[in-house]
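Written below as structure tokens is the structure these notes are about.
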Amino acid sequence: IRDIGTAEMLKLRYPDEEVVDFGQAAIMPGLVDLHTHLENSVMRGIVHDVPYTTWVTSMLEKSAKMDVSDWYDSAILGGLEALSSGITCVADITATGAACTATQKLGMRSVIYREVGAMDKRRVDYAMRIAENDIMHWREEVDGDRITIGVAPAAMYACHPSMFSKVSEFARRENVPVAMHVAGNREEYNFIKYGSSPFSVHTMDQKRGFVEIPPWLPTGTTPGRYALNWGAFESDNVLAIHCVHVDDKDVQKLKEYDVAVAVCPRCNAQLGMGVAPINEFMRAGLRLGMGTDSPAATDSTDMLTEMRIGMLVQRAVNVGEFLDSATMLEMATIGGARALKLDDKIGSLEIGKLADIIAVDLSGSHQTPTTDPVSAVVNTCSGADILMTMVNGTALYEKNKWNVGVEVARNIARIIEIRGKLNQKLTAQQKSERIRAAQERERKEKERREAAARTKKIFTIVVCVILVLALGIPTVALAFLGNGS
């Protein structure tokens with residue numbers, strides 16, 4: 001950005017420059033989507049009206065049908081929608097790398113976090129080595145001035161706790177940012193604190209094959225402090241996503257370790273996850289922004305709608321603490337930039353900053369007369385009102401016209417093809433295979449329970465023998481052994 005001023009003044013200063021008139025529109029900083037999964041875009045609308053755990057399970061089943069090219073085309077779709085909705089920068093968590101390639105091709109700004117997870121301790125080092133290799137490779141493939149590569153430990157119910165310290169160690173050594181889901185839903189909270197919920201240990205071996213014994217014990221603490229205790233916040237640039245089920249001590253620790261927070265109000269509401277305490281975050285002085293989360297949950301990558309729904313939910317549940325439009329717009333722009341530590345480059349219209357700029361139409365009947373453009377943008381606009389999206393001084397989108405490095409028509413055709421595959425019903429053979437797999441899992445679970453019972457009996461007998469030999473109490477020991485053990 002070379003200069004800022006009124007149209008008349010800038011025309012006089014730069015008479016040879018091209019002039020583009022968007023009419024009654026807001027010229028504003030590009031929106032920063034602080035958390036998304038672009039590669040899930042093709043799955044939007046497939047699983048509806050279900051709570052979080054059912055949704056997660058369904059997404060895993062659908063994901064198994066997709067191959068590498070499917071993930072890439074899905075991420076391209078998500079990137080195109082983001083650009084057409086005024087999003088110039090995304091923070092994306094991916095295990096496939098599709099979002100990395102997609103944002104490079106589309107010319108978007110992004111922070112791409114390579115997801116890494118392993119529940120079994122014996123697999124942690126191997127998983128980290130693979131992730132580190134991917135990160136180094138991705139760094140070489142992208143424009144480093146526009147795209148930053150980071151690392152993200154998988155969900156807490158899919159990670160051995162030592163993974164958090166390994167991630168922090170790598171982040172400090174390589175100076176990469178970290179993102180992680182923290183206390184996003186009640187099921188995760190119950191799993192971490194009490195060892196129960198649909199994520200409990202009896203399902204772990206179904207996907208991972210084998211786990212430690214015992215694989216999980218209740219920790220008695222919140223997910224936030226559990227992550228803290230295992231060193232998850234030890235690196236310099238950490239982003240905590242959701243933070244719905246947190247208490248005052250959690251918020252205090254987030255501030256103490258300078259952890260930024262990304263709230264995702266629309267996804268939290270859609271999947272019944274809860275409401276993040278935005279007012280508490282602001283009072284604590286946390287770096288705070290907003291994300292759209294998975295398009296498979298919210299059905300669109302629309303930060304303008306995200307702002308409005310987030311604001312209305314907060315007003316409804318926090319009577320007496322009125323969240324205004326200006327605060328939401330700040331969270332979606334400079335707030336997100338601060339959270340990513342990119343606020344010296346993007347997030348506001350200032351001379352010297354990078355030209356990530358959007359134009360938002362304010363001429364609609366639902367917006368007229370417009371006396372307060374900030375209120376109009378948050379309360380009345382959606383992604384459909386975006387007239388232009390510019391990244392790094394290049395207009396990548398201008399009202400249904402694209403200036404990107406991909407064939408949009410081809411991508412749409414591929415999406416239709418992938419959607420057909422995802423919606424394809426199971427054949428009789430596939431159903432039979434599913435039934436056999438379920439029966440096999442049930443058989444393994446029965447064997448595991450029986451093995452655990454045998455181990456318990458052997459342990460009891462050993463204890464009794466020790467008592468007999470060491471303490472000389474054969475009568476008690478024999479009585480104990482005779483009591484069904």
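Note that the numbering runs from 1 along the sequence shown for the chain.
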Could you give me the CA-CA distance, side-chain angles and deciding distance for W55 and S294, then say whether side chain to side chain contact (heavy atoms under 4.5 Å, CB included) is met? CA-CA 11 Å; W55 177 83; S294 174; 3.9 Å; yes
Between T94 and D92, does any side-chain donor sit less than 3.5 Å from a side-chain acceptor? no
What class does the angle between the rings of Y226 and F164 fall in, given that below 30° is parallel, 30 to 60° is tilted and above 60° is perpendicular? perpendicular
Starting at CG of L239, measure out to CG of L34 and round the result to the nearest 0.5 Å. 4.5 Å
Starting from the C-alpha separation in whole Å, work towards a yes-or-no answer on side-chain hydrogen bond (donor to acceptor under 3.5 Å, both in side chains) for T305 and D302. CA-CA 6 Å; T305 301; D302 189 338; 2.9 Å; yes
Evaluate the side-chain proximity of R414 to S69: yes if any heavy-atom separation is below 4.5 Å, no if none is. yes
List the steps and the verdict of salt bridge (charged side-chain N to carboxylate O under 4.0 Å, His left out) for R283 and E280. CA-CA 5 Å; R283 277 195 291 270; E280 282 77 1; 3.4 Å; yes
Run E234 and E169 through side chain to side chain contact (heavy atoms under 4.5 Å, CB included) and show every step you take. CA-CA 8 Å; E234 296 290 341; E169 179 186 333; over 6 Å; no
Quick check: do I93 and H37 have side-chain heavy atoms less than 4.5 Å from each other? yes
Step-by-step salt bridge (charged side-chain N to carboxylate O under 4.0 Å, His left out) determination, K166 to E132: CA-CA 11 Å; K166 295 282 186 182; E132 289 173 20; over 6 Å; no
Shortest non-hydrogen pair, A99 vs E39, comes out as N-OE1, 4.4 Å
For G117 and A154, work out which heavy atoms get closest and say how close. CA-CB, 3.8 Å
May I ask you to decide if V244's main-chain N or O and H242's side chain share a donor-acceptor pair within less than 3.5 Å? no
Nearest-0.5 Å distance, CD1 of residue I87 to CG of residue D356: 12.5 Å
Within a 6.0 Å radius of atom CZ on R2, are there more than 12 heavy atoms belonging to other residues, nucleotides or ligands? no
Worked verdict on S300 versus R266 for side-chain hydrogen bond (donor to acceptor under 3.5 Å, both in side chains): CA-CA 10 Å; S300 67; R266 197 156 50 118; 2.9 Å; yes
Tell me whether R225 is salt-bridged to D247, with the criterion being a basic N under 4.0 Å from an acidic carboxylate O. yes
Looking at D33 and T292, would you say the former's side chain and the latter's main chain have a donor-acceptor pair under 3.5 Å? yes
Would the distance check show the side chain of S74 and the main-chain N or O of V42 forming a donor-acceptor pair, the cut-off being under 3.5 Å? yes
Tell me, with the steps shown, if Y72 and K105 meet side chain to side chain contact (heavy atoms under 4.5 Å, CB included). CA-CA 11 Å; Y72 168 72; K105 282 272 190 183; 3.7 Å; yes
Looking at Y157, is its backbone amide N or carbonyl O close enough to the side chain of E188 to form a donor-acceptor pair, meaning the two atoms are under 3.5 Å apart? no
When you measure from the side chain of S85 to the backbone N and O of T301, does any donor-acceptor pair fall under 3.5 Å? yes
R123 side chain to H160 main-chain N or O, any donor-acceptor pair under 3.5 Å? no
Quick check against the 3.5 Å criterion: does R338 have a side-chain atom that pairs as donor or acceptor with the backbone of G347? no
Would the distance check show the side chain of R287 and the main-chain N or O of D258 forming a donor-acceptor pair, the cut-off being under 3.5 Å? yes
Around D67, counting heavy atoms of other residues, nucleotides and ligands shown, do more than 12 lie under 6.0 Å from its CG? yes
Can you name the closest pair of heavy atoms from G285 and K255 and give their distance? O-NZ, 3.1 Å
Would you say the side-chain atoms of K65 pair up with the backbone N or O of L422, donor to acceptor, closer than 3.5 Å? yes
Could you walk me through whether R146 and Q104 pass side chain to side chain contact (heavy atoms under 4.5 Å, CB included), step by step? CA-CA 8 Å; R146 185 164 48 82; Q104 171 67 15; 3.4 Å; yes
Does some side-chain heavy atom of V56 sit less than 4.5 Å from a side-chain heavy atom of E187? no
Looking only at non-hydrogen atoms, find the nearest pair between D385 and T380 and report the distance. OD2-O, 4.1 Å
Step by step, would you call T394 with N403 a side-chain hydrogen bond (donor to acceptor under 3.5 Å, both in side chains)? CA-CA 8 Å; T394 300; N403 180 26; 5.8 Å; no
Between M43 and S63, what is the shortest heavy-atom contact and its length? CE-OG, 3.8 Å
Side-chain touch V391/L106, heavy atoms, less than 4.5 angstrom: no
Can you tell me if CD on E256 sees more than 12 non-hydrogen neighbours from other groups inside 6.0 Å? yes
Is it the case that more than 12 heavy atoms not belonging to K62 sit under 6.0 Å from its NZ atom? yes
Considering residues, nucleotides and ligands other than Y14, do more than 12 of their heavy atoms fall under 6.0 Å from its OH? yes
Is the charged tip of R186 near the ring of Y189: under 6.0 Å from the six-membered ring centre and within 45° of its axis? yes
For residues V360 and C381, report the shortest heavy-atom separation together with the two atoms involved. CG1-SG, 3.7 Å
Is any side-chain heavy atom of I1 closer than 4.5 Å to a side-chain heavy atom of E350? no
Within a radius of less than 6.0 Å around CG of D3, do more than 12 heavy atoms belonging to other residues, nucleotides or ligands occur? yes
Give a yes or no answer on whether the side chain of K353 reaches the backbone of D343 with a donor-acceptor pair at less than 3.5 Å. yes
Could you tell me if the side chain of M388 sits less than 4.5 Å from the side chain of F22, heavy atoms only? yes
Any heavy-atom pair between the side chains of I278 and M282 that's under 4.5 Å? yes
Just wondering, do R410 and D73 contact through their side chains at under 4.5 Å, heavy atoms? yes
Check the pair K341 / D236 against salt bridge (charged side-chain N to carboxylate O under 4.0 Å, His left out), numbers first and verdict last. CA-CA 10 Å; K341 295 193 173 181; D236 296 329; over 6 Å; no
